[in-house]
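First the proteins, then the strands, lettered A, B, ... as listed; each starts at 1.
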There are 2 protein chains.
Amino acid sequence: MKNSQLYKGSLNTIIMKLLEENGKMYGYEITQKVKAITQGELVITEGALYPALHKLEAEGILDVEIEKVDNRLRKYYKLTEKGTTETVNRLSELEDFIRNMQSLVNPKLEF
Amino acid sequence: MKNSQLYKGSLNTIIMKLLEENGKMYGYEITQKVKAITQGELVITEGALYPALHKLEAEGILDVEIEKVDNRLRKYYKLTEKGTTETVNRLSELEDFIRNMQSLVNPKLEF
DNA sequence: AATTATGTATAAGAATCTTATGTATATTTG
DNA sequence: CAAATATACATAAGATTCTTATACATAATT
C-alpha cells in the first residue's frame, strides 16, 4: 500500500473480501481491482501483496491454483472453507472498527 | 490496542482528534476516554500509547505540561499549532480511508 | 528500439503494536 | 488492616505489517 498508515492491517481483510466476492483472483488482478474501486487512492504494492497471499495460504485461508495464460504465469487464489468462515469474522471486525472510529472522530452523531 | 489488526496505524489519529476536542489530556485519561467511547471495544495499551505520545511530541505535534495531582504525576498533552494543522489532514485521511474501505467491502452501495 | 504493462517473488529496513516488566501512590474491598 | 485494584508513567524485546528496492520474464505499445 502506498498511502496513509491507516491502511496498515487492512490488507488481509481486503483480499479476503474480494475473493469472497469474485470466487478466484490472481495477485496482479487484486491490485488492479483495488486501484479501480478506490479510484487510484489505494495502491497495493507487490512487496505487501505477495507475502500476504503466501501467509494466508500457509494459514489455510486460501487455496492456490496455477494457470498459464498467454505464456505468462498466473496464481489464482480462492478462499478455503476455513477462509470463508474467517472472512465473515473479518468483515464483522471491520464493521466494528469503522463504527468505533466514527464514534471517536464524530462524537456528536449516534451509531 | 488489544484488538484486531485493523486499528494498527490509527492510534495517532485517535490521540490527535481527542486532543483537538478536549484541549488537553494526559495519557491515562486518553486510554479511559477511548475505552468509554467504544464501550470497551478498543483498549489502548501503555506499550502503544506512551511511545506514540513521545514520538508526536518529538515531531512537534504535541506539547507537554507536567502537573502533580494528589501526589501523582500527570503529563498533560495538547496540540501545537503544527499539530492542529496536521490533525485536519489526518481526519481527512481517515474519512478517505473509511470511504474506500466501505467501497471495497460494500460494493453495492454508492459513496 | 525502448518503454510500459502484465505477472510473480524476495530481502533489508522502517514503523507500529503486543507482551512483559518496572516503579510509585491512592483507593477500594474483603 | 491487608490485599487487590485503580491511577499514572515508562521501557525493552519481539512480532507483524508494510515500504522500498531489486530481480526475472513475457506481451504490448510507443
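- Panel note: side chain B:Thr87, backbone B:Gly83; a donor-acceptor pair is recorded below 3.5 Å.
- Straight-line distance from the CD1 atom of A:Ile44 to the C1' atom of D:dC18: 12 Å, rounded to whole Å.
- In this entry the distance linking CD1 of A:Ile66 with C1' of C:dG7 reads 12 Å, nearest Å.
- Listed nucleotides C:dT8, D:dA6, C:dA9 differ in distance to B:Tyr28; the shortest reach to its side chain belongs to D:dA6.
- By the 6.0 Å contact criterion, NZ on B:Lys24 is enclosed, its count of non-hydrogen atoms from other residues, nucleotides or ligands being greater than 12.
- Looking at heavy-atom distances under 4.0 Å, B:Gly47 makes contact with a base.
- When the side-chain nitrogen and oxygen atoms of B:Lys55 are compared with OP1 and OP2 of C:dT16, one or more of them lie within a distance under 4.0 Å.
- Between D:dA27 and A:Asn71, a contact under 4.0 Å exists linking OP1 or OP2 to a side-chain N or O.
- For A:His54, a side-chain nitrogen or oxygen approaches OP1 or OP2 of C:dT10 to under 4.0 Å.
- We find that CG of B:Leu53 is positioned 8 Å from P of D:dA10, with the value rounded to whole Å.
- Contact annotation: B:Tyr26 reaches the phosphate of D:dA8 (side-chain N/O to OP1 or OP2, under 4.0 Å).
- Using a 4.0 Å cut-off, no side-chain N or O of A:Gln5 falls inside it from OP1 or OP2 of C:dA15.
- For the pair A:Glu86 and A:Arg90, the salt-bridge criterion is met [side-chain N within less than 4.0 Å of a carboxylate O].
- Put simply, CD on B:Glu57 is 9 Å from P on D:dA10, counting in whole angstrom units.
- Counting to the nearest Å, the C1' atom of C:dA12 and the CD atom of A:Glu46 are 16 Å from each other.
- If you take CZ of A:Arg74 and P of C:dA5, they are 17 Å apart, rounded to a whole angstrom.
- Remark: A:Arg99 does not engage A:Glu95 in a salt bridge, criterion side-chain N to carboxylate O under 4.0 Å.
- When the nucleotides C:dA26, C:dT8, D:dC18 are ranked by their closest atom to the side chain of A:Lys8, D:dC18 comes out on top.
- The side chain of B:Arg72 sits closest to C:dT25 out of C:dT25, C:dT8, D:dT17.
- Position along DNA chain D of the nearest nucleotide to B:Gln32 versus A:Pro51 favours B:Gln32 as the more 5'-ward residue.
- We find that OH of A:Tyr50 is positioned 19 Å from P of D:dT22, with the value rounded to whole Å.
- When rounded to the nearest whole Å, the span between NZ of A:Lys75 and C1' of C:dA9 equals 9 Å.
- Nearest heavy-atom pair, B:Gly27 versus B:Leu53, reported as atom, atom and distance to 0.1 Å: CA-CD1, 4.0 Å.
- Both A:Leu49 and B:Leu73 sit near DNA chain D, but only B:Leu73 has its closest nucleotide nearer the 5' end.
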